[in-house]
Colleague: 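One structure follows; several queries about it will come next.
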Amino acid sequence: MDPLDILENLHKVKPAFQPIISAVKHNVIGYEVLGRFQFEGTWISLGDFFHNSDVPDEYKVEVDQHLLKLAISQMLDSGNDGLLFINRNAKQLLINSGEDFLESLKVYAEKGFSMNRIVLEITEHDFDEDFEVLEHLLIYYKTYGIQIAVDHVGAKSSNIDRIRQLRPHILKIDTTFVRNSNPEVFQDVIQTLSVLARRIGAKLSYENIEDNYQLYFAWKHGGHYYQGFYLAKPNFELPVNGSIPIDVGEKIDAFVQQEKLMVESRYAFTHTQEEKVKKLLPKWNGPQTADHFIEAVADPFKDESFRLYICNSDGRQVSSNFRKHGSNWALEPDQIGSHWAFRPYFLENTMQMKTRHKGILSDIYSDIETGEMIRTFSYPLSEDCYLFIDLSNEFISEKDYLLFQ
C-alpha cells in the first residue's frame with residue numbers, strides 16, 4: 001500500500017485500544033493505542049506503515065499525531081480516567097526537538113487530560129540513535145509528569161547502562177520469547193531485568209500474552225502489568241467500566257494456590273532432609289574426621305545427591321569431595337582446603353544456619369563443573385562446620401517443586 005494513501009485518507013485512520021491490566025487490583029489501568037486503517041472495507045494494522053524504513057518520518061509523525069488526538073478525545077468524551085500508552089520512534093520524537101508531541105499534550109492538558117496519564121513507549125533499539133539527545137528529551141518530558149516506558153527491553157544487553165541512566169518508569173517485556181527462546185537464556189534475561197527494575201524503581205510490564213502459561217510466567221516473574229490477546233484484543237471502543245473478557249483475578253488465584261503447593265512441597269522436602277542429617281549427627285566428631293562422617297552421609301542420600309562436602313564458616317573446605325560415579329562413591333581429597341566464601345550468599349546462608357539451627361535449600365542454579373541445573377541442601381553440623389549436599393539434575397527433574405523456582 002502506498003503510504004500516501006494513508007496520509008491522504010486520515011479520516012480512515014482510527015485508534016484501537018488494547019487494555020493493560022494491573023497485577024495489584026486485577027483491573028484495567030490503561031490502554032495502548034494501536035493504529036488501524038480502513039482498506040477495502042477491512043480495518044488493518046498500521047504496523048507495517050510505522051515500521052517501514054522507506055516511509056518518511058514526517059508521514060509517520062502526522063499519522064501518529066492524528067491517532068493521539070483521536071485517542072485522547074475519545075478518553076475525555078467517555079470519562080475514562082486510565083493511562084494512555086503511546087508508541088513513538090526516537091527519530092520522530094526528535095523532529096523539531098520533540099516540541100510537536102509536547103505541544104499536542106499541552107492542548108489536551110488544558111482540556112483536563114493530565115500529562116501524568118501519558119506513558120510514552122520508546123523501543124530499546126531506539127537507543128542506537130543519538131542517545132544523549134534522546135535522553136535529555138525524555139528527562140525533559142518527565143518534568144511534565146509524562147511516564148517513560150522502554151519497550152522490547154532486554155533485546156540488547158549492551159543497553160542496560162543506558163536504561164539505568166534513563167531510569168524509566170516501566171520496562172516492557174515481550175512474552176513471545178517465552179515460546180521462542182531457550183528457556184534458560186530467557187530466565188537469565190528476566191532475572192537481570194528484575195534486578196535492574198528493583199534498582200531503578202521501575203515496574204515490569206509483560207506484553208503479547210497469548211495463553212495461560214504466559215500469564216503465569218508474567219505473574220511469577222514480577223509483572224506489574226499484563227497485556228495481550230489472551231486478556232483482551234484491541235478494540236475501537238473503550239470497554240465499559242474497564243471490563244475485559246477474562247477474569248484475571250480468578251486466574252491469578254489459581255496461580256497462587258499452585259505456587260503455595262510448590263512452596264509447601266519444598267518446605268516438606270527440606271524438613272525431610274534435615275531429619276535425615278539429624279540422625280547422623282552423633283557420628284560427627286569435628287573437622288579432623290570429616291571424611292569419615294561424609295562416608296556415613298553418602299548412603300542415606302544416594303538417591304538425591306551426586307556430591308557431598310563440608311566447609312567451615314570461613315568458606316574453607318575441611319573434607320574431601322565425596323562424588324558419585326554411577327552407583328559408586330569416590331573421595332576427591334584434592335578439594336580439601338578449597339575456599340568458597342566468594343560464592344554469592346555463602347556467608348549469609350551459613351550465618352542463617354548458625355542462628356536458626358536449620359537447613360537451607362538453595363535456589364536452582366547451574367553447576368560450574370557439570371553445567372547442569374542443580375540445587376544444594378546445606379545443614380549446620382556445629383557452630384563452625386556445615387554440610388553441603390548437591391542434589392543431582394536427574395533427581396530434581398523428577399519433582400516439579402524442585403525443578404521450578
Colleague: Return each pair, listed once, that meets salt bridge (Lys or Arg N to Asp or Glu O under 4.0 Å) where at least one residue sits in residues 27-41; pairs must be two or more places apart or across chains.
Modeller: E32-K172
Colleague: Just jot down the ring pair (Phe, Tyr, Trp, His ring centres under 6.0 Å) partners of Y216, sequence neighbours excluded, or say none.
Modeller: F255
Colleague: If a pair satisfies side chain to side chain donor-acceptor pair (under 3.5 Å) and one of its residues is in residues 381-396, list it, with sequence neighbours excluded.
Modeller: R307-D390, S313-D384, T376-D390, N393-S397
Colleague: Just wondering, do I389 and Q273 contact through their side chains at under 4.5 Å, heavy atoms?
Modeller: no
Colleague: Taking only residues two or more places apart in sequence, or in another chain, which ones meet F306 in a ring pair (Phe, Tyr, Trp, His ring centres under 6.0 Å)?
Modeller: none
Colleague: For F236, what residues pass the ring pair (Phe, Tyr, Trp, His ring centres under 6.0 Å) criterion, not counting sequence neighbours?
Modeller: W43
Colleague: Just grab all the salt bridge (Lys or Arg N to Asp or Glu O under 4.0 Å) pairs involving residues 253-274, residues at least two apart or on different chains.
Modeller: K220-E259
Colleague: Among all residues two or more places apart in sequence or in another chain, which pass the ring pair (Phe, Tyr, Trp, His ring centres under 6.0 Å) test with Y144?
Modeller: Y140
Colleague: If a pair satisfies salt bridge (Lys or Arg N to Asp or Glu O under 4.0 Å) and one of its residues is in residues 46-69, list it, with sequence neighbours excluded.
Modeller: D64-R88
Colleague: Determine which pairs satisfy salt bridge (Lys or Arg N to Asp or Glu O under 4.0 Å) with at least one residue from residues 333-361, sequence neighbours left out, and list them in order.
Modeller: none
Colleague: I'd like a table of donor-acceptor pairs (distance under 3.5 Å, sequence neighbours excluded) in which one partner is a side-chain atom from residues 111-119, with atom names and distances.
Modeller:
from: S114; atom 1: OG; to: N116; atom 2: N; distance (Å): 3.3
from: S114; atom 1: OG; to: N116; atom 2: OD1; distance (Å): 2.8
from: S114; atom 1: OG; to: N116; atom 2: ND2; distance (Å): 3.4
from: R117; atom 1: NE; to: G82; atom 2: O; distance (Å): 3.0
from: R117; atom 1: NH2; to: N80; atom 2: O; distance (Å): 2.6
from: R117; atom 1: NH2; to: G82; atom 2: O; distance (Å): 3.1

Colleague: Would you list the atom pairs, donor with acceptor, under 3.5 Å between side chains in residues 92-101 and any protein atom, with sequence neighbours excluded?
Modeller:
from: N96; atom 1: ND2; to: D100; atom 2: OD1; distance (Å): 2.8

Colleague: In chain order, what residues pass the salt bridge (charged side-chain N to carboxylate O under 4.0 Å, His left out) check against K233, with sequence neighbours excluded?
Modeller: none
